[in-house]
Amino acid sequence: MDRREYLTGVSVATATVLAGCLGGSEQFNNFEQGLKDNNVDIENVANEERRWVLEYVPRGEGQERINELGEILRIYSDTVPTQEENEDHRRLDIIPLEADGSRSGSLEVDADSARAFRNDEISEEEYIFDVISGSIS
């Protein structure tokens with residue numbers, strides 16, 4: 001093994017350990033893969049200390065954009081870490097971008113609402129209302 005291969009191996013191992021310290025890295029990877037599987041045009045997706053952040057370019061107009069956002073919310077509810085997996089995880093920040101890369105608003109999705117929807121404690125309508133009302137205040 002040459003020096004470069006060794007350093008690459010150490011870097012990968014260090015990144016894996018650090019990602020594990022953030023908690024929920026497997027769930028985050030599943031979230032990112034779910035987005036890719038659903039052809040979400042990801043500009044950036046990040047696993048930060050207490051939140052996940054998604055910057056994406058929405059496809060289409062009107063109802064198509066709404067459907068895509070609904071799919072993102074479903075993917076998040078399916079992959080959000082449980083309290084036991086990561087008690088510090090609080091939310092998903094969704095930032096839609098225009099084609100030129102400028103922001104076109106943002107939505108904040110509460111992790112507890114996503115967990116409640118996943119566990120059938122609230123309806124889809126209540127989940128979406130929580131997202132919308134949390135983003136307006």
Side-chain angles (χ1 to χ4, degrees):
M1 175 184 300
D2 70 15
R3 183 173 186 269
R4 187 172 59 195
E5 288 174 325
Y6 172 76
L7 290 175
T8 300
V10 169
S11 296
V12 169
T14 302
T16 302
V17 169
L18 289 174
C21 291
L22 291 175
S25 61
E26 180 181 346
Q27 292 84 359
F28 176 78
N29 291 340
N30 291 338
F31 173 69
E32 185 175 14
Q33 188 59 51
L35 296 171
K36 290 175 182 176
D37 291 348
N38 283 279
N39 300 315
V40 174
D41 186 3
I42 300 169
E43 187 68 28
N44 185 34
V45 63
N47 182 359
E48 297 183 357
E49 186 175 348
R50 294 179 181 263
R51 68 185 181 147
W52 296 346
V53 179
L54 168 64
E55 294 180 329
Y56 79 108
V57 178
R59 27 173 216 259
E61 297 291 327
Q63 190 61 45
E64 191 174 4
R65 282 186 175 208
I66 293 168
N67 292 344
E68 182 177 42
L69 180 59
E71 193 60 29
I72 292 168
L73 294 175
R74 186 197 56 76
I75 293 166
Y76 181 60
S77 72
D78 288 347
T79 58
V80 63
T82 64
Q83 286 286 346
E84 293 78 29
E85 292 166 335
N86 183 351
E87 66 185 39
D88 290 332
H89 182 80
R90 301 285 185 252
R91 69 179 192 263
L92 166 66
D93 291 339
I94 301 173
I95 304 166
L97 303 173
E98 298 298 332
D100 66 1
S102 63
R103 290 177 71 156
S104 96
S106 66
L107 287 172
E108 194 174 286
V109 185
D110 181 69
D112 289 335
S113 291
R115 290 180 190 112
F117 175 64
R118 176 178 60 205
N119 296 332
D120 293 324
E121 296 166 6
I122 62 173
S123 68
E124 183 176 25
E125 291 80 14
E126 290 171 306
Y127 178 40
I128 292 170
F129 181 75
D130 283 351
V131 171
I132 294 169
S133 63
S135 297
I136 291 173
S137 57

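Worth knowing before you read on, the calculation uses all heavy atoms, side chains too, and leaves out hydrogens, waters and symmetry mates. Predicted, not measured: the structure shown is a model, and the values here were computed from it.
- Taking a 6.0 Å sphere around CD of Glu124, one finds it holds 12 or fewer heavy atoms contributed by other residues, nucleotides or ligands.
- Between Gln33 and Asn29, the side chains place no donor N or O within less than 3.5 Å of an acceptor N or O (distance only, hydrogens not considered).
- For Glu64, the side chain to side chain contact (heavy atoms under 4.5 Å, CB included) partners are Arg59, not counting sequence neighbours.
- Here the side chains of Leu92 and Val80 are not in contact, with every heavy-atom distance at 4.5 Å or above.
- In the displayed structure, Glu43 atom CD is contacted under 6.0 Å by at most 12 heavy atoms of other residues, nucleotides or ligands.
- Remark: the backbone N or O of Asp112 is paired with a side-chain donor or acceptor of Asp110 at under 3.5 angstrom.
- If you chain together hydrophobic residues whose side chains sit under 4.5 Å apart, Ile95 and Val109 never meet in one group.
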Could you go through the side chain to side chain contact (heavy atoms under 4.5 Å, CB included) check for Leu107 and Leu69 one step at a time? CA-CA 10 Å; Leu107 287 172; Leu69 180 59; 3.4 Å; yes
Check step by step if side chain to side chain contact (heavy atoms under 4.5 Å, CB included) holds for Thr79 and Phe28. CA-CA 7 Å; Thr79 58; Phe28 176 78; over 6 Å; no
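- Formation of a donor-acceptor pair under 3.5 Å by the Arg91 side chain with backbone atoms of Arg50 is not found in this model.
- For Glu98, the CD atom is densely surrounded, since the number of other residues' heavy atoms within 6.0 Å is greater than 12.
- Note that OG of Ser113 is 10.0 Å distant from CZ of Arg115, once rounded to the nearest 0.5 Å.
- Taking CD from Glu49 and CG from Asn86, the interatomic distance works out to 9.0 Å, rounded to the nearest 0.5 Å.
- Here Glu68 does not pair with Arg65 in a salt bridge; the nearest charged N to carboxylate O distance is not below 4.0 Å.
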Going through the checks in order, is the side chain to side chain contact (heavy atoms under 4.5 Å, CB included) test met by Asp41 and Tyr56? CA-CA 5 Å; Asp41 186 3; Tyr56 79 108; 5.5 Å; no
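- His89 and Tyr76 have tilted rings, their planes meeting at an angle from 30° to 60° on a 0 to 90° scale.
- Residues Gln63 and Asn67 have side chains that bring a donor and an acceptor to within less than 3.5 angstrom of each other.
- Atom OG in Ser123 sits 11.0 Å away from atom CZ in Phe129 (nearest 0.5 Å).
- Counting only distance, with no hydrogens or angles, the side chain of Asn38 and the backbone of Val40 share no donor-acceptor pair below 3.5 Å.
- The distance from atom CD of Glu32 to atom CG of Asp37, rounded to the nearest 0.5 Å, is 10.5 Å.
- Heavy atoms only, all atoms of each residue included: Pro58 and Pro96 are closest at CG-CB, 3.7 Å.
- To the nearest 0.5 Å, atoms CG (Asp93) and CD (Glu48) are separated by 8.0 Å.
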Audit row: Val53, Asn44, side chain to side chain contact (heavy atoms under 4.5 Å, CB included) steps and yes/no: CA-CA 8 Å; Val53 179; Asn44 185 34; 5.6 Å; no
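- To the nearest 0.5 angstrom, Ser104 atom OG is 7.0 Å from Leu97 atom CG.
- In this structure, Ile66 is not a member of the same hydrophobic cluster as Ile128, with clusters built from ILVMFWY side-chain heavy atoms closer than 4.5 Å.
- Hydrophobic clustering, with ILVMFWY side chains joined whenever heavy atoms are under 4.5 angstrom apart, keeps Val57 apart from Leu73.
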